[in-house]
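As structure tokens, the structure follows; a few thoughts come after it.
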Number of protein chains: 2
Amino acid sequence: MEILTNIEDVQIKTAEWVREGKTIGFVPTMGYLHEGHERLLEEARKENDHVILSIFVNPLQFGENEDLDQYPRDEEHDTLIAKKYETDLVFLPHNETMYPRPMSMNLSVSKRADVLCGRSRPGHFEGVVTVLTKLFNICRPTRAYFGMKDAQQVAVVDALIQDFNIPVTLRRVPTVRESDGLAKSSRNVNLTSQERREAPMIQEALYLGRKQVENGTKDPIEVIKATRQFLDSRTRGKIDYIELLSYPELEPVTEINQTVILAAAVYYDRARLIDNVVFDQTGKLEIG
Amino acid sequence: MEILTNIEDVQIKTAEWVREGKTIGFVPTMGYLHEGHERLLEEARKENDHVILSIFVNPLQFGENEDLDQYPRDEEHDTLIAKKYETDLVFLPHNETMYPRPMSMNLSVSKRADVLCGRSRPGHFEGVVTVLTKLFNICRPTRAYFGMKDAQQVAVVDALIQDFNIPVTLRRVPTVRESDGLAKSSRNVNLTSQERREAPMIQEALYLGRKQVENGTKDPIEVIKATRQFLDSRTRGKIDYIELLSYPELEPVTEINQTVILAAAVYYDRARLIDNVVFDQTGKLEIG
């Protein structure tokens with residue numbers, strides 16, 4: 001396994017792989033890998049000749065009040081995980097490598113960005129699409145892997161790829177869960193034991209909402225209301241939002257007659273948890 | 001020679017070429033090809049295994065008051081030119097192919113754009129970098145060819161490639177000129193015979209400015225003044241601008257101690273002509 005910090009070295013390597021007709025699976029991350037990332041690496045390993053993992057805590061996607069400096073890092077552990085999944089190349093650039101000077105141009109995101117978590121993180125998805133555009137040009141992936149835990153990110157990346165005709169296939173990978181259904185997250189360790197017991201109710205509530213659609217409900221307001229009532233009565237966490245939107249367009253719907261996402265964010269004392277479920281107009285799960 | 005109108009067909013073809021280890025030379029145009037374009041095709045043909053010409057009158061780079069509908073087109077002539085230079089593939093997309101739906105994200109250009117011709121064409125370079133980002137992802141060129149007649153465009157494309165680490169080499173091709181020095185342009189036919197006789201003075205004036213630097217002048221104001229005086233006394237055309245800026249950064253300089261561009265735009269009765277010269281601190285020509 002090669003660990004490279006220099007853009008040109010990676011481009012030489014990936015150009016070589018492309019010339020040899022090899023497929024490249026790409027897993028972009030900010031490091032501090034957990035089982036969700038492992039699932040991405042596992043999928044990438046299965047489907048491609050070569051696997052690239054990038055680890056870069058992208059300053060551009062952090063807001064002014066967000067703790068860039070305190071974002072957890074553990075390169076040693078990450079490298080072990082990368083080896084475990086037989087990753088061929090780890091790209092580990094420095095800030096100055098990715099942003100050597102102020103940029104002359106900027107990407108702004110006008111759709112899919114100002115709902116769900118994007119509402120409270122202005123500029124976040126601008127940072128995400130900017131670094132991904134760079135990483136795609138550096139790593140030249142055949143397929144790129146993203147977890148559906150961040151379903152909004154997947155939707156924005158889908159738009160990025162379509163808008164600019166990027167020759168990469170987007171792979172949406174199901175959320176990895178604890179045995180009781182709680183979505184895996186590095187933030188889960190910040191829950192009190194009482195909160196930890198309640199947190200699986202987020203997924204339960206989302207499934208209850210989905211069930212309503214399976215049973216014939218077409219009205220998004222009704223679905224949101226039922227989901228909220230269920231969740232409110234089963235956890236002391238404070239609901240940040242429960243939203244139902246078309247997917248991947250992330251636009252409001254007045255009637256459920258297409259693929260939609262039902263998503264929730266809940267504040268606990270020292271952690272904000274998110275989860276979602278994507279299903280079609282009959283309530284059939286699209287991506288776990 | 002293949003003529004393709006569909007993005008996917010081009011991507012299949014270029015992916016195949018890339019996999020075979022072939023180099024691809026790319027000449028993006030808005031069609032109505034003249035000798036400037038021919039020089040680009042000629043260079044591309046010399047240096048690459050395969051040559052792609054794209055012809056697309058990009059609506060995004062036209063301002064509200066600019067005549068998109070009246071932009072000249074002549075696909076038959078363009079196809080003959082493409083054949084003459086043994087072009088392998090002509091990409092000739094429709095508007096709806098390039099912009100099938102409103103985009104979810106947009107590129108804005110914050111540097112190099114609001115000087116020279118960009119000053120009077122707000123949004124123009126946004127349109128240019130957007131369509132080029134798409135075309136680069138579709139055509140996957142090894143090298144892309146641009147004429148130095150549009151030196152500002154070359155500078156903006158250079159920034160695009162750097163900012164997003166696009167794996168393409170930018171080739172700057174010298175301006176093609178008439179025997180009397182006038183830069184070739186499809187607009188030259190709109191000059192009266194009197195104007196046509198005066199128009200070569202634009203290049204003369206720029207060379208005079210460059211000569212001053214060769215003779216030791218470091219002061220950009222002095223160079224601009226001399227250039228303006230020379231030109232003013234030799235043509236009845238109305239000078240739009242004469243600017244001297246660092247190149248390719250296109251920033252104002254107080255002293256000439258790096259590569260600079262001296263550029264002019266002149267209004268004639270039914271044509272606005274532009275020209276430029278790029279030279280280093282000793283006045284040595286960098287690109288004709």
Side-chain angles (χ1 to χ4, degrees), chain A residues 6-8 10-12 14-23 91 93 97-114 125-126 128-140 142 155-168 248-251, chain B residues 6-8 10-12 14-23 91 93 97-114 125-126 128-140 142 155-168 248-251:
Chain A
N6 189 306
I7 289 174
E8 234 183 24
V10 179
Q11 282 184 317
I12 288 169
T14 54
E16 191 185 306
W17 287 344
V18 170
R19 264 200 318 274
E20 290 169 353
K22 303 295 189 193
T23 55
F91 179 41
T97 305
M98 291 299 281
Y99 304 110
R101 67 191 78 78
M103 294 184 66
S104 299
M105 46 207 77
N106 298 286
L107 270 165
S108 60
V109 187
S110 55
K111 291 180 200 290
R112 307 187 181 189
D114 59 351
F125 287 111
E126 270 76 6
V128 170
V129 295
T130 300
V131 79
L132 281 176
T133 302
K134 291 170 72 77
L135 289 170
F136 286 156
N137 281 323
I138 295 165
C139 298
R140 298 179 153 220
T142 318
V156 171
V157 175
D158 171 69
L160 172 71
I161 291 171
Q162 281 190 54
D163 277 0
F164 293 111
N165 307 101
I166 300 174
V168 63
E249 300 80 10
L250 300 185
E251 280 165 7
Chain B
N6 189 306
I7 289 174
E8 235 184 23
V10 178
Q11 282 184 317
I12 288 169
T14 54
E16 189 186 307
W17 288 344
V18 170
R19 265 201 316 274
E20 291 168 352
K22 304 294 189 192
T23 55
F91 179 41
T97 305
M98 291 298 280
Y99 304 111
R101 68 191 76 79
M103 294 183 66
S104 300
M105 46 207 78
N106 298 285
L107 271 164
S108 60
V109 187
S110 55
K111 291 180 199 289
R112 306 186 182 190
D114 60 349
F125 287 111
E126 270 75 7
V128 170
V129 295
T130 300
V131 78
L132 281 176
T133 301
K134 291 169 72 76
L135 288 170
F136 286 155
N137 281 324
I138 295 165
C139 298
R140 298 179 153 217
T142 317
V156 172
V157 174
D158 171 67
L160 171 70
I161 290 171
Q162 283 189 54
D163 277 359
F164 292 111
N165 308 101
I166 301 174
V168 63
E249 300 80 11
L250 301 185
E251 279 166 7

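Protein chains get the first letters and strands the later ones, always in sequence-line order, with residue 1 at the start of each. Computed from heavy atoms alone, side chains included, the values below leave out hydrogens, waters and symmetry copies.
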- Message: Could you measure the distance from the CD1 atom of B:I166 to the CZ atom of A:F136? Nearest 0.5 Å is fine.
- Response: 14.0 Å
Report yes or no: does [X] contribute a side-chain atom to a donor-acceptor pair with the main-chain N or O of [Y] at less than 3.5 Å?
| X | Y | answer |
| --- | --- | --- |
| B:N165 | A:N137 | no |
| B:S110 | A:S104 | yes |
| A:N106 | B:S108 | no |

- Count the heavy-atom pairs under 4.5 Å between each of B:P102, B:A15, B:G21 and chain A, then report the option with the highest count. B:G21
- Task: Name the option with the most non-hydrogen atom pairs under 4.5 Å to chain A; the candidates are B:E249, B:R112, B:E16, B:Q162.
- Result: B:Q162
- Task: Sort B:I7 into side chain, backbone, both or neither according to what part of it lies under 4.5 angstrom from a heavy atom of chain A.
- Result: side chain
- Message: Counting only non-hydrogen atoms closer than 4.5 Å, does B:L135 touch chain A with its backbone (N, CA, C, O), its side chain (CB onward), both, or neither?
- Response: neither
- Task: Report yes if some heavy atom in the side chain of B:M103 is under 4.5 Å from a heavy atom in the side chain of A:F164; otherwise report no.
- Result: yes
- Item | pair B:L160-A:M105: side-chain heavy atoms closer than 4.5 Å | yes
- Highest number of heavy-atom pairs under 4.5 Å with chain B among A:L107, A:T133, A:I138, A:V109 belongs to A:L107
- Item | Heavy-atom pairs under 4.5 Å with chain B, option from A:P100, A:P167, A:A113, A:A159 with the top count | A:P167
- Query: Under 6.0 Å from the CD atom of B:E20, do we count more than 12 heavy atoms belonging to anything else shown?
  - Reply: yes
- Message: With a 4.5 angstrom heavy-atom cut-off, is it the side chain or the backbone of A:V156 that approaches chain B, or both, or neither?
- Response: both
